[in-house]
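A quick write-up on the structure given underneath.
Chain identifiers are assigned alphabetically (A, B, ...) following the order of the sequence lines, protein sequences preceding nucleic acid strands; residue numbering begins at 1 within each chain.
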Number of protein chains: 2
Amino acid sequence: MPSARPLRRDAQRNRELLIDAARTAFAERGLDVPLEEIARRAGVSIGTLYNRFPHRAALIDAVFADRITATAALAEHVLTMADAWEGFVFFLEHVCEWQAADRGYSDLAARHIPEATATEEARRHGYALMQRIVTRAQESGALRADITLEDLAFVIWGQARTVEATHDVAPRAWRRHLALMLDGLRAPAAHPLPEPPLRPEEAARAMRGRCD
Amino acid sequence: MPSARPLRRDAQRNRELLIDAARTAFAERGLDVPLEEIARRAGVSIGTLYNRFPHRAALIDAVFADRITATAALAEHVLTMADAWEGFVFFLEHVCEWQAADRGYSDLAARHIPEATATEEARRHGYALMQRIVTRAQESGALRADITLEDLAFVIWGQARTVEATHDVAPRAWRRHLALMLDGLRAPAAHPLPEPPLRPEEAARAMRGRCD
DNA sequence: CTAGAACTTGAGGGTGTCCTCAAGTTAATC
DNA sequence: GATTAACTTGAGGACACCCTCAAGTTCTAG
């Protein structure tokens with residue numbers, strides 16, 4: 001839906017400068033980077049930032065909506081791969097790689113931003129596809145049968161922490177942690193789990209808790 | 001080492017009130033809780049807090065040094081258990097339980113606080129014991145041979161994130177994540193790991209990065 | 001009981017971030 | 001080129017947290 005009035009040329013230009021600046025700032029310093037730093041990097045005043053994006057979530061939406069859509073596209077691609085387990089691993093590896101390359105993306109994995117509507121919409125779509133990746137890998141017999149989509153949230157949260165901690169010191173270290181985790185997710189490794197899985201709305205509330 | 005002069009009675013009392021207040025405040029809100037909140041909970045002024053504890057790390061030290069010593073004691077106990085793998089699991093479960101019960105303890109797992117000298121000293125001792133727990137479990141054949149003490153840091157960092165996220169929503173959910181992780185740590189589950197382990201000083205730097 | 005050292009207090013200065021708005025500037029239109 | 005709506009600007013108020021210090025209070029030793 002193109003907005004009622006198009007932006008004036010200079011405003012449009014500033015909007016793009018801001019999105020570029022926000023992209024790199026979020027990537028380097030996470031979603032909590034000061035908005036004034038984004039304005040400075042874009043070479044505009046803080047007032048202009050607020051003119052274009054009334055709140056942080058609007059900026060996050062502008063930067064990340066397509067990133068999350070790309071994650072969904074990755075998921076779609078994975079569903080076409082011949083080996084379901086390989087697809088499952090391929091998907092997790094790529095998501096973690098993106099986490100490692102972009103601290104903002106990594107933050108998004110652990111937080112809902114309710115006002116970032118396009119991002120959240122894309123996320124919802126991505127979850128549906130991830131559910132299919134999980135189910136397919138389970139049906140193939142390679143992924144343990146007792147885990148759920150919500151359990152993947154654990155994996156991704158934990159992975160995000162490892163990525164953050166080791167990013168500057170050993171940028172590829174997360175691969176080792178992921179490999180350990182994957183060994184625990186293989187069907188032959190499965191021992192009975194001590195707790196029932198999170199219900200979907202519990203997982204949602206867990207993310208909403210850290211919402212902003 | 002008793003200090004040169006003992007504190008005046010009222011000062012001693014305030015010191016204890018502050019430690020008690022800090023203990024619960026750290027537990028509920030983590031190590032970054034505002035110092036003014038601790039003073040308020042203790043019923044003393046912010047000035048008094050600074051008189052007793054010149055910086056946050058001194059307060060952390062007063063609250064957590066014995067907590068970390070208790071962790072080391074747990075480790076010692078585990079080394080006397082008959083089954084090395086059971087001991088390894090027992091240790092991790094208890095550490096995670098403490099993480100779940102105390103957000104400050106959980107923060108400490110991911111951060112060095114160089115000025116908190118007693119805490120850091122106790123930590124160092126704890127690490128040495130953990131190394132023995134790992135080695136013993138590996139020698140028993142139950143724990144995969146290719147992991148190191150530093151890899152446990154991944155496990156504990158990731159676990160901390162899960163504990164935080166699910167604490168209010170499903171306080172026992174972390175047990176499920178830990179169980180998945182443990183299944184990846186059993187020797188029969190092992191597939192070759194893609195990266196070399198962190199060197200100890202890399203792990204130390206990873207923690208120093210998030211230091212304060 | 002008194003003197004003085006030890007202690008407490010909270011107002012206030014410093015910093016960093018958020019967000020607003022009145023005044024000035026610029027692009028689009030005729 | 002003039003008009004006006006759209007836009008930019010940055011100073012500044014609000015807030016939260018840090019930490020200090022001069023003035024007032026309380027403990028303790030003699």
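- Rounding to whole angstrom units, CG of residue A:Leu31 and P of C:dC18 are separated by 13 Å.
- Per the geometry, CZ belonging to A:Arg56 stands 9 Å off C1' belonging to C:dC18, to the nearest Å.
- Listed by chain and number, the residues in a salt bridge (charged side-chain N to carboxylate O under 4.0 Å, His left out) with B:Arg8 are B:Asp10 (sequence neighbours excluded).
- Between the side chains of A:Gln131 and A:Thr135, a donor-acceptor pair is found at a separation under 3.5 Å.
- Taking the side chain as every heavy atom from C-beta outward, B:Trp85 and B:Arg186 approach each other to under 4.5 Å.
- In this structure, B:Tyr50 atom OH and C:dA6 atom P are separated by 23 Å, rounded to whole Å.
- For C:dC19, the base has a donor-acceptor partner in the side chain of A:Glu36 [N/O atoms by modelled type, under 3.5 angstrom].
- Regarding B:Ile46, its CD1 atom lies at a distance of 17 Å from the P atom of C:dG12, rounded to whole Å.
- Rounded to a whole Å, the CG atom of B:Asn51 is 14 Å from the C1' atom of C:dA5.
- Among the atoms of the strands shown, only primed sugar atoms or phosphate atoms (P, OP1, OP2) are found under 4.0 Å from some heavy atom of A:Arg52.
- Comparing B:Arg9 and B:Pro34 by the nucleotide of DNA chain D that holds the closest heavy atom to each, the one mapping nearer the 5' end is B:Pro34.
- One finds no salt bridge joining A:Arg13 and A:Glu16 here, because no Lys/Arg side-chain nitrogen approaches an Asp/Glu carboxylate oxygen to under 4.0 Å.
- Mapping B:Asp10 and B:Gly47 onto DNA chain D by nearest heavy atom places B:Gly47 at the nucleotide closer to the 5' end.
- For the pair A:Phe53 CZ and C:dC18 C1', the interatomic distance rounds to 17 Å; values are reported in whole Å.
- Reading DNA chain D from its 5' end, the first and the last nucleotide to sit under 4.0 Å from a heavy atom of chain A are D:dA5 to D:dA11.
- Judged by a 6.0 Å distance limit and a 45° cone about the ring axis, B:Arg176 is not positioned over the six-membered ring of A:Phe154.
- Counting only heavy atoms from C-beta on, A:Leu35 has its side chain closest to C:dC18 among C:dA27, C:dC18, C:dC7.
- Side-chain atoms of A:Tyr105 and A:Arg67, non-hydrogen and from C-beta on, do get closer than 4.5 Å to each other.
- Among the heavy atoms of the strands lying under 4.0 Å from B:Arg8 is at least one base atom, whether or not backbone atoms are also near.
- For the pair B:Arg175 and A:Pro194, the minimum side-chain heavy-atom distance is below 4.5 Å.
- Per the geometry, CG belonging to A:Leu59 stands 15 Å off C1' belonging to C:dC19, to the nearest Å.
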